[in-house]
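Have a look at the structure below, then the notes.
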Amino acid sequence: MPGFRTRRLPGADGTHINTAVGGRDGSPVVLLHGFPQTHLMWRHVAAELASDHLVICPDLRGYGASDKPADDGTTYAKRAMAEDVVAVARHLGADRFALVGHDRGALVAIRAGLDHPGAITHLASLDVLPTLDMWDVLHGVDAAVAFHLYLMAQPPGLPEEMISRSPDAFFGHFLDVWARNPAAIPAEVRAEYLRASREAVPSIVADYRASAGIDVEHDRADRAAGRRLTMPVTVVQQDWGAALGFDAAARWREWADDLDHRTLDAGHYMAEEAPAEIVEIVRKLLAR
């Protein structure tokens, strides 16, 4: 990304996180990518925010050029991945920062907001529900849209073998069907996403497997304890509630005290398909 330099920075538990850093000495903003992507998905948004913010774009552990430690059942919990993010930000002098996550990165952002409320000043989630709610709203044949969640939730072995047999077809499927404007992901960026994902099948599967196990446990514990997101929260989604028959804003109100929930007329990869709108939404969040 022009104007950004890439560094390998210490995360949690000895894991090193590939991180693109750019911008001015303004208030820090951390941007977390989704699946099957890397920090490059923020190339447009980051460039705009860098005019007046320190912008930090990590590859999540297990993705891109970040470390991919072997999974012990907790390695890819969103709690561990959130600890990476907090450690990277602190290494760059950002003890408090705004956090914007898309897809998998949004799940990490939510967990960071629950576990580290003193560190997260503002939180934005792009096109995802909290893990506990995500599983709760998938019913019957409508759940077919999320077949990958069920595949990668299986015990170690079969999912990795099946995906590794044809990784470009598997990961490319989501780049094709989830993008309303495929031109927003040009050929060279698509090739990089596929290359990075092809080289990270076990850790990507472990990330998803955690969301069917330990991440649900953590969410249930927070729900039972009444823990909520206390910072200003903005949620941007496609209108999945209308498609799957649930009230997305109501789901989010169970987690966030200060919530701005909105739908956007864009595909899943909204930071690439509608970057100007996402920049405006983030700036409005930061002004709250």
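Quick caveat: nothing in here was measured; it's all calculated off a predicted structure.
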Requested in this report: Grab the two heavy atoms, one from P155 and one from E160, that are nearest each other, plus how far apart they are.
Outcome: O-OE1, 4.5 Å
Report task. For the residue pair R283 and L49, establish whether any side-chain heavy-atom pair is separated by less than 4.5 Å. Result -> yes
Requested in this report: Under the side-chain contact (heavy atoms from CB on, under 4.5 Å) rule, what do W252 and I110 come out as? Steps first, then yes or no, please.
Outcome: CA-CA 11 Å; W252 271 101; I110 295 163; 3.4 Å; yes
Requested in this report: Evaluate the side-chain contact (heavy atoms from CB on, under 4.5 Å) criterion for residues V29 and F97: first the C-alpha distance (whole Å), next the side-chain angles of each, then the deciding distance (0.1 Å), finally the verdict.
Outcome: CA-CA 6 Å; V29 180; F97 54 92; over 6 Å; no
Requested in this report: Could you note down all residue pairs passing side chain to side chain donor-acceptor pair (under 3.5 Å) where residues 134-157 supplies at least one of them, sequence neighbours left out?
Outcome: D136-R251
Report task. Using salt bridge (charged side-chain N to carboxylate O under 4.0 Å, His left out) as the criterion, list what pairs up with R195, not counting sequence neighbours. Result -> E192, E199
Requested in this report: Drop me the distance from L285's CG to T234's OG1, to the nearest 0.5 angstrom.
Outcome: 4.0 Å
Query raised in the report: So which heavy atom on A20 is nearest to which on H39, and how close?
Result: CB-CD2, 3.6 Å
Report summary line: For V128, the side chain to side chain contact (heavy atoms under 4.5 Å, CB included) test, sequence neighbours excluded, returns A106, L107, S125
Query raised in the report: Who pairs with R96 by side chain to side chain contact (heavy atoms under 4.5 Å, CB included), at least two apart in sequence or on another chain?
Result: T121
Query raised in the report: Which is it for M81 and D207 under the side-chain contact (heavy atoms from CB on, under 4.5 Å) test, yes or no, and what are the steps along the way?
Result: CA-CA 9 Å; M81 298 168 86; D207 166 36; 3.9 Å; yes
**Report entry** Nearest heavy-atom neighbours spanning V30 and A89
**Finding:** CG2-CB, 4.4 Å
Requested in this report: Go through E83 and R61 one step at a time and tell me if the salt bridge (charged side-chain N to carboxylate O under 4.0 Å, His left out) criterion holds.
Outcome: CA-CA 10 Å; E83 289 172 355; R61 75 160 60 185; over 6 Å; no
Query - Residue list, ring-ring contact (aromatic ring centres under 6.0 Å, His included) with H33, at least two apart or on another chain - result: Y63
Query raised in the report: Can you name the residues that form a ring-ring contact (aromatic ring centres under 6.0 Å, His included) with H173, not counting sequence neighbours?
Result: F147
**Report entry** F174 and W178 aromatic ring geometry - parallel, tilted or perpendicular at 30°/60° bounds
**Finding:** tilted
Report task. Output every pair passing side chain to side chain donor-acceptor pair (under 3.5 Å) with a member in residues 270-281, not counting sequence neighbours, ordered by first then second residue. Result -> Q37-E272, R43-E272, Y193-E272, E280-K284
Query raised in the report: Would you say I214 and L114 are hydrophobically clustered, going by side-chain heavy atoms of ILVMFWY under 4.5 Å?
Result: no
Report task. For residues 166-187, pull every pair meeting salt bridge (charged side-chain N to carboxylate O under 4.0 Å, His left out), keeping only residues two or more places apart or in separate chains. Result -> D168-R198, D176-R190, R180-D265
Query raised in the report: With T230, which residues qualify under side chain to side chain contact (heavy atoms under 4.5 Å, CB included), at least two apart?
Result: P117, D257
Query raised in the report: Does the side chain of L132 reach to within under 4.5 Å of the side chain of V216, using non-hydrogen atoms?
Result: yes
Query - Listed once per pair and sorted, the salt bridge (charged side-chain N to carboxylate O under 4.0 Å, His left out) pairs that draw on residues 63-76, sequence neighbours left out - result: R8-D67
Query - E188 and L40, any side-chain heavy atoms less than 4.5 Å apart - result: no
Query raised in the report: Are P36 and L175 close enough that some pair of their side-chain heavy atoms sits under 4.5 Å apart?
Result: yes
Report summary line: Heavy atoms of A50 and G22 approach each other most closely as CB-C, 4.4 Å
**Report entry** In one Ile/Leu/Val/Met/Phe/Trp/Tyr side-chain cluster, 4.5 Å: Y76, L151
**Finding:** no
Requested in this report: Under the side-chain contact (heavy atoms from CB on, under 4.5 Å) rule, what do I204 and R104 come out as? Steps first, then yes or no, please.
Outcome: CA-CA 10 Å; I204 291 175; R104 308 305 295 173; over 6 Å; no
**Report entry** Side chains of L286 and H53 in contact at under 4.5 Å (non-hydrogen atoms)
**Finding:** yes
Requested in this report: Could you tell me whether the side chain of R209 reaches within less than 4.5 Å of the side chain of P159, counting heavy atoms only?
Outcome: yes
Query raised in the report: Per the salt bridge (charged side-chain N to carboxylate O under 4.0 Å, His left out) rule, which among D84, D115, D215 passes with K78?
Result: D215
Report task. Working to the nearest 0.5 Å, report the span between CD1 of I120 and CG of L229. Result -> 10.0 Å
Report summary line: Here the gap from L99 atom CG to L123 atom CG, rounded to the nearest 0.5 Å, amounts to 5.5 Å
Query raised in the report: Is there side-chain contact between F170 and V201, with at least one heavy-atom pair below 4.5 Å?
Result: no
Report summary line: Value for CD1 (I17) from OG (S66), rounded to nearest 0.5 Å, stands at 4.0 Å
Query raised in the report: Does any N or O in the side chain of S197 come within less than 3.5 Å of the main-chain N or O of L194, such that one atom is a donor and the other an acceptor?
Result: no
Report task. Working to the nearest 0.5 Å, report the span between CG of L149 and CG of L138. Result -> 6.5 Å
Requested in this report: Taking all heavy atoms of A87 and all of A12, pick out the closest pair and write down the distance.
Outcome: CB-N, 4.4 Å
Report summary line: Scanning both residues in full, the closest heavy-atom pair of L31 with P58 reads O-CD, 3.2 Å
Query raised in the report: When rounded to the nearest 0.5 angstrom, what distance separates CZ in R227 from CG in D222?
Result: 4.5 Å
Query raised in the report: Any sub-3.5 Å donor-acceptor pair from R7's side-chain atoms to T19's backbone N or O?
Result: no
Query raised in the report: For the side chain of T38 and the backbone of G64, is there at least one donor-acceptor N/O pair under 3.5 Å apart?
Result: no
Report summary line: Contacts of Y269 meeting ring-ring contact (aromatic ring centres under 6.0 Å, His included) (sequence neighbours excluded), chain-then-number -> none
Query raised in the report: Taking only residues two or more places apart in sequence, or in another chain, which ones meet R262 in a side chain to side chain contact (heavy atoms under 4.5 Å, CB included)?
Result: V236, D260, I281
Query raised in the report: Looking only at atom types and distance, does a side-chain atom of H122 sit under 3.5 Å from a main-chain N or O of R288, one as donor and one as acceptor?
Result: yes
Query raised in the report: Between D127 (side chain) and D103 (backbone), is there a donor-acceptor pair under 3.5 Å?
Result: no
Query raised in the report: Is there a side-chain contact between W255 and L129 (heavy atoms, below 4.5 Å)?
Result: no
Report task. Mark yes or no for whether R228, through its side chain, and R253, through its backbone, hold a donor-acceptor pair below 3.5 Å. Result -> yes
**Report entry** Heavy-atom neighbours of M1 CE exceed 12 at 6.0 Å
**Finding:** yes
Query raised in the report: Does atom CZ of R220 have more than 12 heavy-atom neighbours, drawn from other residues, nucleotides or ligands, at distances under 6.0 Å?
Result: no
